[in-house]
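What follows is a set of notes on a single structure, which appears directly below.
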Amino acid sequence: RRPPRSTLFPYTTLFRSTLAFRLGKTPVSLLLAGDEAQTVRPTDFEWAWLSDMLHHRVGAPSEYKLSANLRSPRRIAELVNRVWDLYSLIEKQERPRGTGQAELEDDATDQILYCTAAPGPELDELLKLLAAREGLALITLEETTPAFIPESVRPAVLTVSEAKGLDFHTVCVLDPGRHVQQIMEQDWRLRSDSNLLSLRKRLAIDQLRVAFSRPAERLVWIDINPPDGVVAASLAFLNGDYLEGQVSSAVPAAIMKTLEEEELDTEERVQRCQADARQYLEIKPEMAWSRAQQAVALLGRPGLPAAVTDQTVRDTAYLTLAEICFLLAVRQTRLPVELGRPEIGRAHV
């Protein structure tokens, strides 16, 4: 039978190798590699029929599974694993085969930054800074470049299809929170009779997995004008099951300060965050809150190789965050709505 058009490439390769074998020539070695969880465009390709054909025409194929994540360091690899968990929200027949929980072998220092922003000059400045950095990719989950992207930055934006197969030092994913929230909405599962909705959900998960697995050291997640529900979904996804959340929302100015300080050692960066938190308190409370949160995030989870081990530094960072949150709460300060209405009266201690 003739396979679907989307499967013609492996079918043609198989046909050529089979023909060479039938003509008595030296058999052609055939190597097929792929990831069923990275089908970023609609396809009806299935490995089962191709495997059966290989077995019948050429010989029993050998299958090798690579279980280790060799590109992403630990925290980013954990995020990629969390994307795999989203496949449980779609019907079993729509899920990719095998096990997608990659082994975590790299304990290198990596970083996940979460930015929430409204379109405007501050966001434009951040996007221009990111686009000008070497080894950084801006990736959209849409099919076209979003309207909020400045004209000078638009040529630097990649779709997921364009970014697939590429590696970058840093990746900035644009507006992924809405996609995560939509995927996690149980409504989609209740309407599983619709093949279109099921396919859209599967593709959305695949796109997230491809986008989040591109960076080798840093992931920047930017949500644009996110409602409270999107911020909550993003933070829950970024922090996973850890009681001590290490990622919090930050304004663009705080993200730019973080990028400026990347060459400093971790403890000095923590101290600068604390100093900024105090000096911005009167004039830019959203910056003060963001920098205090960043100081705690830089500490890392205890027990990991990259974590700050000096207990005095850890205690001081948490006390600074508690102090900033307390003062903002007492003054009934209103932070920008795009930060997701954080509970400023409560700090993680």
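Owing to the predicted nature of the structure, the values given are computational and were not obtained by experimental measurement.
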Donor-acceptor pairs under 3.5 Å, side chain of residues 125-133 to any protein atom, not counting sequence neighbours: which ones?
unit_1	atom_1	unit_2	atom_2	d
Arg133	NH2	Glu262	OE1	3.0
Arg133	NH2	Glu262	OE2	2.2

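Listed here is the closest heavy atom pair of Ala211 and Val171: O-CG1, 4.0 Å. Shown here for Leu235 and Ser248, the closest heavy-atom pair between the two residues is CD2-CA, 3.7 Å.
Between Phe148 and Asn225, every side-chain heavy-atom pair lies at or beyond the 4.5 Å cut-off. With a 4.5 Å cut-off on side-chain heavy atoms, Glu142 and Thr159 do not count as touching. Annotation: side chain of Arg331 is in contact with side chain of Leu281 (closest heavy-atom distance under 4.5 Å). Trp289 is listed as a side-chain neighbour of Cys325, based on a closest heavy-atom distance under 4.5 Å. The shortest side-chain heavy-atom distance between Pro215 and Ile76 falls under the 4.5 Å cut-off. Two residues are said to be in side-chain contact when any heavy atoms from C-beta on lie closer than 4.5 Å; Leu174 and Ile149 meet this criterion.
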Exercise. Could you walk me through whether Arg218 and Leu259 pass the side-chain contact (heavy atoms from CB on, under 4.5 Å) check?
Worked result: CA-CA 10 Å; Arg218 181 189 291 119; Leu259 296 175; 3.9 Å; yes
For this session: Please assess Gln294 against Thr258 for the test side-chain hydrogen bond (donor to acceptor under 3.5 Å, both in side chains), listing each intermediate value before the final yes or no.
Result: CA-CA 8 Å; Gln294 286 179 342; Thr258 298; 2.9 Å; yes
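Under the side-chain contact (heavy atoms from CB on, under 4.5 Å) criterion, Leu264 pairs with Glu261, Glu268, Arg269, Arg272, not counting sequence neighbours.
Using the six-membered ring where Trp is involved, Trp221 and Tyr114 have ring planes that are perpendicular, over 60° apart on the 30 and 60° scheme.
Partner of Pro226 under the side chain to side chain contact (heavy atoms under 4.5 Å, CB included) criterion, out of Leu339, Asp175, Thr116: Thr116 alone.
In this structure, Glu134 places its CD atom where only 12 or fewer heavy-atom neighbours from other residues, nucleotides or ligands lie under 6.0 Å away.
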